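Source: prediction; values computed, not measured. Each chain gets a letter, A, B and so on, in the order its sequence line appears, and its residues count up from 1.
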Amino acid sequence: MNLFLFDSVKKEKIEFIPINEGEATIYVCGPTVYDDAHLGHARSALSFDMLKRTLKALGLKVTLAKNFTDIDDKIINKLQSSGKTLEELTQYYINRYLEDMEALGVERADIEPKATESIEAIESMVEKLLQSGYAYKIDNGDIYFDTSKDSKYGSISHMVTDDEQNVSRVEPNEQKRNPKDFALWKACKEEDICFDSKAGKGRPGWHIECSAMIAKHFKGSKDYCIDIHCGGADLLFPHHENEAAQTRCALNKEIAKYWMHNGFVQIDGEKMSKSLGNSFFLKDALKVYDGELLRYYLISVHYRNDFNFNEEDLQSAKKRLDKLYRLKKRLYGGKTGAANKEFKEALLKAMADDLNSSKAMAIVDEMITSANEKLDKEPKNKALKQEILGNIAFVNELLGIGKKDAIEWFQQGVSEEEKTKIEELIVKRSEAKKLKDFATADAIRDELKQMGIAIMDMPDGTKWEKL
RNA sequence: GGCGCCAUAGCCAAGUGGCUAAGGCAGGAGCCUGCAAAGCUCUGAUCCCCGGUUCGAAUCCGGGUGGCGCCUCCA
């Protein structure tokens, strides 16, 4: 089975043919670490986590790099009020980011480069561009990339180059040769954080980091540095256009063979962003909702579409995910066998079709229904039970869903004391039921309901769930 | 001003030229149950509007209407 993906530069769905057979190299543009991660970061991380899982399930050896931009204007601004060192501040947010991503079940990247640890690679690329005439230095020491020197500039985002009609909102800089030229290196100003380099004291521009880090960590081929370059849709221009230009001019090859961009998370129909003041931090969502539930909800929409986040849909996602855990609970303690071959193929095929997670989830739902139906008919079929658990294990492998303990899943937020009380009430109710004292039994059920507990009488006893 | 994305049942959401338009939530009917819950079965849309291409379109093209985004830091 082969992977088909939508290349956001070619704008069509094409077959993924890796540079090196059996291997896939991926670079995901990671966060600038000056604040906590929000739902948008989660969407991006989850999209390409699914990409990685799918490629692995297809049998490829995957190397995924995700960078941390740990030096830029916003970080420096934050630093001034914090009294911390750059390292302290950025490491704090890197750890926070990793914690949040772990809660969402995002696998750690194989390579996690930081801009500040890649200064040499950046310096060498800037130097190369300067020497070959693709870059120029202005009076204050800043170094700019000359976009007019790259004949392919614009080929990534299809944005017109410096058209008079294309009114840019970028503040004009007298010394820039073309409006779209961008800074490769920002010269040191007073009280700035600076790095020494051949080009003078200063710090790297945002775009050069990724190009340099990719060049540093991936060998690639003579045509491409890596297989797939990923990021949010907002990075297509100018970030990825600029990355591509730098790499093309410095290394004489394209930075990536394929490009993938994930859609936005919107709140009430608008892009979530700092400037709009409608950011939704993951840490706040994680206080209220389980990380796996957030994952499930966020991947229920195809990664390229915009995602409109709201609580009602999240609740409906919860009910849907609960069904998977009820099935798992039904098979509690059983052995996990091999997954059903047809199911496995169908699920993988959905994901191999440009990560169609919506379709994959529909296939999971159908598996759940079919499994419950079969279990109703043959409650003691061990082979069946093992296969279903195998199916659930494969769902977890591919989608990162369903790995938690099924009993605990329904007891989230219930203290040990409460659990003891619930168990006691259930015993009392069972006794009342035996005596056909249904009034008492129902009263106990109401009492449990008051506590937020739902009960269900199963063939092997009464089970309960936190509502 | 330039470039681009989207519009499918009450809600969420797949499907991008051809069997009866996936799946979920909500709703309705039934089975099961002491009654419930859970589970299972049945039940709903001709795809924003207009025009065109085609034997055939939700799917392609043109024109509307509405929503969103990039062109400034942004996932």
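Taking the centre of each ring, A:Tyr27 and A:His229 come in below the 6.0 Å mark. Residues A:Phe309 and A:Tyr297 bring their aromatic ring centres within 6.0 Å.
For A:Lys419, the salt bridge (charged side-chain N to carboxylate O under 4.0 Å, His left out) partners at least two apart in sequence or on another chain are A:Glu416.
At a cut-off of 3.5 angstrom, the base of B:C35 holds at least one donor-acceptor pair with the side chain of A:Asp457. If you check distances only, the side chain of A:Arg326 never reaches the base of B:A38 with a donor-acceptor pair under 3.5 Å. Counting atom types as modelled, A:Asp306 pairs no side-chain N or O with a base atom of B:G69 as donor and acceptor under 3.5 Å.
Distance A:Lys180 NZ to B:C71 C1': 6 Å, rounded to the nearest Å. Taking atom OH on A:Tyr34 and atom P on B:A75, their separation rounds to 7 Å, with Å as the unit. Per the geometry, CE belonging to A:Met456 stands 5 Å off C1' belonging to B:A37, to the nearest Å. Between A:Leu236 atom CG and B:G69 atom C1' the separation is 11 Å, expressed in whole Å. Look at OH on A:Tyr296: it is 10 Å from P on B:G24, rounded to the nearest Å.
Comparing B:C25 with B:A13, their C1' atoms are spaced 11 Å from each other, to the whole Å. Nucleotides B:A14 and B:A22 are separated by 6 Å at their C1' atoms, to the nearest Å. Between the C1' atoms of B:C60 and B:G69, the separation comes to 25 Å (whole Å).
As judged by a 4.0 angstrom heavy-atom cut-off over every strand, A:Glu366 is placed among residues touching the sugar-phosphate backbone only. Among the protein residues, A:Leu235 comes within range of the sugar-phosphate backbone only, with heavy atoms under 4.0 Å from sugar or phosphate atoms but none that close to a base. Note on A:Gly40: a base of the nucleic acid sits closer than 4.0 angstrom, heavy atoms only. Counting non-hydrogen atoms under 4.0 angstrom, A:Phe237 reaches the backbone sugars and phosphates but no base. Across all strands, A:Asp376 comes closer than 4.0 Å only to sugar-phosphate atoms, never to a base (heavy-atom distances). Using a 4.0 Å heavy-atom cutoff across all strands shown, A:Ser47 reaches no nucleic acid atom at all. Residue A:Arg304 is classed as having no contact, given no heavy-atom separation below 4.0 Å to the nucleic acid. Counting any heavy atom pair closer than 4.0 Å across all strands shown, A:Gln266 reaches sugar-phosphate atoms only and no base atom. Residue contacts shown for A:Val28 are absent, as no nucleic acid heavy atom lies under 4.0 Å away.
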Criterion ring pair (Phe, Tyr, Trp, His ring centres under 6.0 Å) on A:His207 and A:His240, from CA distance to verdict:
CA-CA 8 Å; A:His207 314 298; A:His240 289 161; 9.4 Å; no
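By the 6.0 Å and 45° rule, A:Lys344 stacks over the aromatic ring of A:Phe394. A:Arg304 forms a cation-pi arrangement with A:Phe6, by the criterion of a distance under 6.0 Å to the ring centre and an angle within 45° of the ring axis. Geometrically, A:Lys328 does not engage A:Tyr325 in a cation-pi contact defined by less than 6.0 Å to the ring centre and at most 45° from the axis.
Residues of residues 355-365 of chain A that place a heavy atom closer than 4.0 Å to RNA chain B, in numerical order, are A:Asn356, A:Ser358, A:Lys359, A:Ala362, A:Asp365. Only at 4.0 angstrom or more do the heavy atoms of residues 102-109 of chain A sit from any atom of RNA chain B, so none qualifies.
Side-chain nitrogen and oxygen atoms of A:Lys323 include at least one within less than 4.0 Å of the OP1 or OP2 phosphate oxygen of B:C25. OP1 and OP2 of B:C11 both lie 4.0 Å or more from every side-chain N or O belonging to A:Asn310. At least one side-chain nitrogen or oxygen of A:Lys319 sits closer than 4.0 Å to the OP1 or OP2 atom of B:A26.
Disulfide criterion (SG-SG under 2.5 Å) for A:Cys210 and A:Cys29: not met.
Both distances falling under 3.5 Å, in either a Watson-Crick or a G-U wobble arrangement, occur for no nucleotide opposite B:U54.
Taking the charged nitrogens against the carboxylate oxygens, A:Asp460 and A:Lys463 do have a contact shorter than 4.0 Å, which makes a salt bridge. Salt bridge A:Asp353/A:Lys359: absent, no basic N to carboxylate O contact under 4.0 Å.
Looking at A:Pro204 and A:Ile71, their side chains come closer than 4.5 Å, going by heavy atoms from C-beta outward.
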